[in-house]
Novice: 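First the structure, then my questions, so here it is.
Labels below follow one simple rule: chain letters A, B, ... track the order of the sequence lines, proteins then strands, and each chain is numbered from 1.
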There are 2 protein chains.
Amino acid sequence: MAQRGSYAKGVAKREEILERALDVIAREGYRGASVKEIADAVGLSQAGLLHYFDSKEQLFTEIIRKRDEHDHVDFSVSDGAAGREGLLRVIAHNAQVPGLVELFSRLSVEAADPAHPAHDYFLERSRGLREGIAAATASSLPGGIDPDTLARIVQAVVDGLQLQWLIDPSVDMVGTLEVLLDALSSMNTPTGALDEALDGVLDDQRSAATDA
Amino acid sequence: MAQRGSYAKGVAKREEILERALDVIAREGYRGASVKEIADAVGLSQAGLLHYFDSKEQLFTEIIRKRDEHDHVDFSVSDGAAGREGLLRVIAHNAQVPGLVELFSRLSVEAADPAHPAHDYFLERSRGLREGIAAATASSLPGGIDPDTLARIVQAVVDGLQLQWLIDPSVDMVGTLEVLLDALSSMNTPTGALDEALDGVLDDQRSAATDA
DNA sequence: GTCTATACTCTGATAGAC
DNA sequence: GTCTATCAGAGTATAGAC
């Protein structure tokens, strides 16, 4: 079902466009990319590209959504090592694709407007992240930090480090994040509840990504 | 000296423009503010406003620089309670002025381009922040974190929380930051070296702001 | 489904009068 | 120093042919 001729083709083409756009931005960077530039890159005219998306804002929102899907597949599930290590691998990968980081950061700000298509997506993404940590930690953070707050802190550090790194690429995002995670886990529980907590994170991110 | 007729007036007017622009953005928010909108707000034509600034980018960069000056005066020096409390007060104030936070976040991303006028300013600002913490802590972080890394983490959390708050204003920036600072200081030294460390932060930020 | 062509809006920037 | 007027350009979105 749900594969009736032109509809299915439209969806497939749409996915193909997103894959290509993602690849181009990752390899060539985001230099204030316009719809026309993306169109050229994927081999369509500007009008042809917008046939598949309502607007530029929606197009870029979908590109970021697609990236989240990739991150989950590539860094969390493939070898079974999710959680802390998965998160660190995502960050390490980000350091290879400044264009995607810039697009993400830009959207993060523009999505402040509740009318922006990425607004709800970011809300949902953030909520999934927090719930993942909260659920995984449950009652296992003895003298520690509220799981919800912990999640916000980790998310904030990741996003903030990206901003610093965009301006100064010599910033070591992975190393800095590791220092923080080490510090926080050492005070939560001797058995490293934080690490376990993070195991649920990316799974929930995936859910958020495909749901919304 | 340095007060020769038209030159002095030009400088004074420039400062007045920045003050006004700052006030307007703080009160009415930043809704993709254009040069024309700022011009209207300060009672000049667009051309009249650009007479004082080379470009839109420079104008906005100066506005942010002016804000840093205000933050320092209003929240760090006035009552002698600098450091941790000063930082928390700045964040609490930020929660009252979404327009300024949005402008700052937007510039943070756009300044990734080395040609952007705010690029060097952000580099300098960040450097001053780190040096402040490093100098204040010196050799007083026993089993703790490298001062430079600590500074990056604190800065990242502040910036990242602002991104979250822009999308969801219910986010408690101050409370979340306090949790992190409490956690970090409890593990550094029994006497709270982190708090002392932060005492040097905003002073250095001022230096950076006026230098560059 | 895709393209060409175009319309329209904004915005930043400049020239030149006063 | 400030304004009016204007320009040039980018960029999105739409109309309509094929």
Side-chain angles (χ1 to χ4, degrees), chain A residues 3-21 24-25 28-63 102-103 106-107 109-111 113 115-118, chain B residues 3-21 24-25 28-64 99 102-103 106-107 109-111 113 115-118:
Chain A
Q3 200 174 353
R4 257 305 192 34
S6 62
Y7 176 74
K9 174 153 187 250
V11 171
K13 179 81 177 184
R14 209 178 127 110
E15 294 302 299
E16 184 197 322
I17 289 172
L18 293 177
E19 295 290 353
R20 287 255 226 160
V24 168
I25 295 176
E28 301 182 10
Y30 172 95
R31 330 161 298 280
S34 64
V35 174
K36 165 140 180 39
E37 281 176 295
I38 303 288
D40 291 347
V42 303
L44 281 179
S45 71
Q46 187 230 26
L49 173 57
L50 280 187
H51 172 71
Y52 295 94
F53 302 90
D54 294 338
S55 66
K56 170 195 178 170
E57 292 179 338
Q58 201 217 340
L59 166 62
F60 283 123
T61 303
E62 293 299 322
I63 292 175
E102 182 169 351
L103 173 58
R106 198 168 287 261
L107 271 188
V109 180
E110 286 167 3
D113 178 359
H116 194 289
Chain B
Q3 201 173 356
R4 260 295 192 44
S6 63
Y7 177 71
K9 179 161 186 244
V11 171
K13 178 81 177 184
R14 209 178 127 110
E15 294 302 301
E16 185 198 321
I17 289 171
L18 292 177
E19 295 290 354
R20 289 254 226 160
V24 168
I25 295 175
E28 300 181 9
Y30 172 95
R31 328 162 300 279
S34 64
V35 174
K36 168 148 179 38
E37 282 177 294
I38 303 288
D40 290 347
V42 303
L44 281 178
S45 70
Q46 187 228 29
L49 173 57
L50 280 187
H51 173 71
Y52 294 94
F53 302 90
D54 295 338
S55 65
K56 170 196 180 170
E57 292 179 338
Q58 201 218 339
L59 167 62
F60 283 123
T61 302
E62 293 299 320
I63 291 175
I64 284 298
E102 183 169 350
L103 173 57
R106 198 170 286 262
L107 271 188
V109 179
E110 286 167 3
D113 178 359
H116 193 289

Novice: Rounded to the nearest 0.5 Å, how far apart are CD of Glu62(A) and CD1 of Ile17(A)?
Specialist: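 Answer for the CD-CD1 pair, Glu62(A) versus Ile17(A), is 11.5 Å.
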Novice: Under the salt bridge (charged side-chain N to carboxylate O under 4.0 Å, His left out) rule, what do Glu102(A) and Arg31(A) come out as? Steps first, then yes or no, please.
Specialist: CA-CA 9 Å; Glu102(A) 182 169 351; Arg31(A) 330 161 298 280; over 6 Å; no
Novice: Strictly under 3.5 Å: I want the nitrogen or oxygen pairs between protein and nucleotides 3-10 of chain C, one per line.
Specialist:
{"unit_1": "dC3(C)", "atom_1": "OP2", "unit_2": "Ser45(A)", "atom_2": "N", "d": "3.0"}
{"unit_1": "dC3(C)", "atom_1": "OP2", "unit_2": "Ser45(A)", "atom_2": "OG", "d": "3.2"}

Novice: Would you mind reading off the distance between Phe53(A) atom CZ and dT14(D) atom C1', rounded to a whole angstrom?
Specialist: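 Distance check: Phe53(A) CZ to dT14(D) C1' gives 18 Å.
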Novice: When rounded to the nearest 0.5 angstrom, what distance separates CG in Leu49(A) from NZ in Lys56(A)?
Specialist: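 That separation rounds to 12.0 Å.
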Novice: Please name the residue in the list Arg20(A), Glu19(A), Arg14(A) that meets the side chain to side chain contact (heavy atoms under 4.5 Å, CB included) test with Glu16(A).
Specialist: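 So the option named by the test is Arg20(A).
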Novice: Quick check against the 3.5 Å criterion: does Glu37(A) have a side-chain atom that pairs as donor or acceptor with the backbone of Ser34(A)?
Specialist: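 Judged by distance alone, yes, a pair lies under 3.5 Å.
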Novice: Figure out the CD/P separation between Glu57(A) and dA13(D), and round it to whole Å.
Specialist: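 In whole Å, dA13(D) P lies 8 Å from Glu57(A) CD.
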Novice: Starting at atom NZ of Lys13(B), determine the distance to atom P of dG1(D), rounded to an integer number of angstrom.
Specialist: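 It is 10 Å, rounded to the nearest whole Å.
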Novice: Rounded off to whole Å, could you give me the NE2-to-P distance for the His51(A) and dT14(D) pair?
Specialist: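 Roughly 14 Å, once rounded to whole Å.
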Novice: Contact between Asp54(A) and Leu59(A) at the side-chain level, heavy atoms closer than 4.5 Å - yes or no?
Specialist: no
Novice: Please state how far atom CG in Asp54(A) lies from atom C1' in dT12(D), giving the value in whole angstrom units.
Specialist: 13 Å
Novice: Nearest whole Å is fine: how far is dG11(D) P from Phe60(A) CZ?
Specialist: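 After rounding, the reported distance stands at 10 Å.
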Novice: Find the distance Lys36(B):NZ to dC7(D):C1' and express it as a whole number of Å.
Specialist: 17 Å
Novice: Using OP1 and OP2 only, check whether a side-chain N or O of Lys56(A) sits under 4.0 Å from dT12(D).
Specialist: yes
Novice: Within this structure, what is the CD1-to-C1' distance between Ile38(B) and dA13(C), rounded to whole angstrom?
Specialist: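 Checked: the CD1 to C1' distance equals 17 Å.
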